[in-house]
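Below is one structure; the comments refer to it alone.
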Amino acid sequence: MPCLRASLVRQACNILCLSGAGLLSGGLVPNAFAEQDWTFRPRLSVAEVYTDNVDLAPSGEEDSDLITVITPGFSLRRETSRLKLDLDYQLQTLTFVENDDSNRVNHGLNGKMNAELHEDLLFLDASARMSQAIVDARAPQSLNGITGAGNLTDVQAYSVSPYLRHNFSNYFDGLLRYGHERVYTDGVVQTAETDFVNATLNSGRYFSLLDWNLNFFKSREDRRNRDRLDREQSSANLAYHVHPKLSLLAQAGREDNDYGSTKIAQNGSYWAAGATWTPNRYLQLTALDGDRYTSGTVRFTPTQRTSLLVSYRERDVGLNPGSVWTGAFQHRTRRTVWQMNYLEDTQTTQRALLDALAFNDAIQDSIGSGDFIVNPDGTITFLVDPTGFFTLREEVFERKRGTASVSYRTGKSIVALVAFTETRNFLESDLPGDVANEERSRGGSAHWRWQFSGRSYTNVRGSWRRTDFSTDGREDDLWYIDSSLTRALAANASASLGYRFTRRDSSQATAEYTENRIIARFDIEF
């Protein structure tokens, strides 16, 4: 099994990180993959950064420096009826005038592939990612990998997942998936490798009045020097449509997990029965109740531009037992988009790192300071996980997380506001007495972009984040505000000049610092 896993990982990385032309045209997969051209876009960014506090040191201990940042990169795209490949890579080199011991190279990679290897039967998903992550939420925090870099670690993640999917003459649809994932850091948290198997059967169109689903999932996460985490779930679901507006429901399942603590997971069987009522096309209500399981869901879609989903679940088995809420809201007008999301779940640190790296398809702009961008449709895309500023600990933790955003567009301006909150309760290490082992982060960001001429625009951003540490009552507030002016020199080239001010206030005086930064930058695509 280790040889097979290593082979699959190497194959995924080769497909993503190399051109793949030989593989795609060499008969291993159909020649249809090789009939269309690749889209290859190289780019280069050169910047000079002046900072008056390169180490983010406390007042009176600051050192200034001038940093040359050269970042070549490229994007590689390909999409056919049976292959979608999306790869983005950048190599960031930092050269310090005063502190040449700090010279370094940062890699940024975000690649994913979806391939249909055999028509309507065999498929393959693969991904590879590289980035940097904050190590200690108490130490000075680099917002972009340039200053305070002693508190950063490289993170690499790879995944490969072949699967079979087939429709059996409209009687049922079947899926059988295997997956292998690997997350690696520079020794801050141990390497974790996860293998999983997922099998599902869903009723087909032959069953007009009865929908049914069978699901089995089994995973094993190996963390070096820590307990292995095993998870096994099986479930069956039935829905009988007695009326266009009413369906009767039944659900049963079993959980067998080994997470080393009953605080994290409870094993056993459960069942529940209930109904789904759809009184009109705007509203749907679902409720289930039974042995060790209760749930309720409200879906409200009053218009095509507005949707609301709120779900509640209480059960005595599985991961994260007890009461759990989730929710999602979106509303669009001609000029605005409103979004809200909330979830509660149980994660390992390595799993959270993998999710943060996959948070979106873009590589974070490590010279600029934006935490998010506004898409053409007004939705918000986060360039970094907005709640990803927690201490990396070799732990299983319970997470409660919420985000909210609104964007407003005019002919020349975009205004966006984002708010977030997240609490992590670490479950594997117990503290004496009733002291909670928690970290909590909450805050918000604002962004205004003004296109004041055909070739020039300005960005103004601000952010505040508060982090609370339950172990000693420490409280930190991190602020930044920046502005930049960008001028298009040609269709594929631009230059910009920017300023940023960063400040951290803390209940622990030695943790406070400020930084002023000036950035001059040139970007070109070839």
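All residue numbers refer to positions in the sequence shown, counting from 1. Heavy-atom basis, side chains included; hydrogens, waters and symmetry copies ignored.
- Ion pairing of Asp472 with Arg138 is present here, as a side-chain N (NZ or NE/NH1/NH2) and a carboxylate O approach within less than 4.0 Å.
- Under a 3.5 Å cut-off, the side chain of Ser159 and the backbone N or O of His180 do not form any donor-acceptor pair.
- Interatomic distance, CZ of Arg504 versus CG of Asp477, reported as 10.5 Å (0.5 Å rounding).
- Residues Glu515 and Tyr513 bring no donor and acceptor atom of their side chains to less than 3.5 Å of each other.
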Run the side-chain hydrogen bond (donor to acceptor under 3.5 Å, both in side chains) test on Asp289 and Thr294 for me, step by step, so that the C-alpha distance in whole Å, both residues' side-chain angles and the decisive distance to 0.1 Å come before the verdict.
CA-CA 4 Å; Asp289 189 40; Thr294 301; 2.6 Å; yes
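- In this structure a side-chain-to-backbone donor-acceptor pair under 3.5 Å is present from Thr391 to Ala137.
- At a cut-off of 3.5 Å, with distance as the only test, no side-chain donor of Arg313 or Ser311 sits close to an acceptor on the other residue.
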Evaluate side-chain hydrogen bond (donor to acceptor under 3.5 Å, both in side chains) for Asp125 paired with Asn114, printing each intermediate quantity in order.
CA-CA 5 Å; Asp125 294 341; Asn114 312 104; 3.0 Å; yes
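- Going from atom CZ of Arg231 over to atom CZ of Arg220 covers 15.0 Å, rounded to the nearest 0.5 Å.
- Using cut-offs of 30° and 60° on the angle between ring planes, the pair Tyr163 and Phe123 is parallel.
- The pair Asp258-Arg228 does not meet the salt-bridge criterion, since no charged nitrogen lies less than 4.0 angstrom from a carboxylate oxygen.
- A donor and an acceptor atom, one from each side chain of Asp476 and Ser506, are located under 3.5 Å apart.
- Not one N or O on the side chain of Asn53 forms a donor-acceptor pair closer than 3.5 Å with the backbone of Glu62.
- For the residue pair Arg129/Asn110, the side-chain donor-acceptor check at 3.5 Å is satisfied.
- Rounded to the nearest 0.5 Å, atoms CG (Leu152) and CG (Asn106) are 7.5 Å apart.
- Of the possible donor and acceptor atoms, one in the side chain of Asn198 sits under 3.5 Å from a partner among the backbone N and O of Phe216.
- At least one donor-acceptor pair closer than 3.5 Å links the side chain of Asn151 to the backbone N or O of Asp136.
- No donor-acceptor pair under 3.5 Å is formed between the side chain of Glu512 and the backbone N or O of Thr510.
- Of the inter-residue distances, the one linking Trp448 atom CH2 with Asn459 atom CG reads 10.0 Å to the nearest 0.5 angstrom.
- Summarising the geometry of Val155 relative to Ala133, their closest heavy-atom pair is CG2-CB, 3.7 Å, with the distance given to 0.1 Å.
- The closest side-chain donor-acceptor pair between Ser269 and Trp271, if any, does not fall under 3.5 angstrom.
- Side-chain atoms of Arg465 never come within 3.5 Å of backbone atoms of Ser441 as a donor-acceptor pair (strictly under, hydrogens ignored).
- A side-chain donor from one of Gln132 and Asp154 sits under 3.5 Å from a side-chain acceptor of the other.
- Between Arg503 and Asp505, at least one side-chain N (NZ, or NE/NH1/NH2) sits under 4.0 Å from a carboxylate O, which counts as a salt bridge.
- Distance CG/Asn425 to CZ/Arg399: 13.5 Å, rounded to 0.5 Å.
- Counting only N and O atoms by type, the side chains of Gln266 and Arg292 include no donor and acceptor under 3.5 Å apart.
- When the shell of 6.0 Å around OH of Tyr282 is examined, it contains 12 or fewer heavy atoms from other residues, nucleotides or ligands.
- Ion pairing between Arg424 and Glu422 holds under the 4.0 Å rule for side-chain N and carboxylate O.
- The environment of CZ in Arg474 is crowded: more than 12 heavy-atom neighbours from other residues, nucleotides or ligands sit within 6.0 Å.
- The distance from the CZ atom of Arg305 to the NE2 atom of His331 is 8.5 Å, given to the nearest 0.5 Å.
- One finds no salt bridge joining Asp468 and Arg466 here, because no Lys/Arg side-chain nitrogen approaches an Asp/Glu carboxylate oxygen to under 4.0 Å.
- By the 6.0 Å contact criterion, CH2 on Trp338 is open, its count of non-hydrogen atoms from other residues, nucleotides or ligands being 12 or less.
- Taking the six-membered ring where the residue is Trp, Trp325 and Tyr312 present tilted rings, their angle falling between 30° and 60°.
- Of the possible donor and acceptor atoms, one in the side chain of Ser470 sits under 3.5 Å from a partner among the backbone N and O of Glu438.
- Checking Asn213 against Asn202 by side-chain atom types alone, a donor-acceptor pair falls below 3.5 Å.
- Neither side chain, Ser307 nor Thr301, offers a donor N or O lying under 3.5 Å from an acceptor on the other.
- At least one side-chain heavy atom of Glu181 sits less than 4.5 Å from a side-chain heavy atom of Phe196.
- Judged by distance alone, the side chain of Asp52 and the main-chain N or O of Asn516 form a donor-acceptor pair under 3.5 Å.
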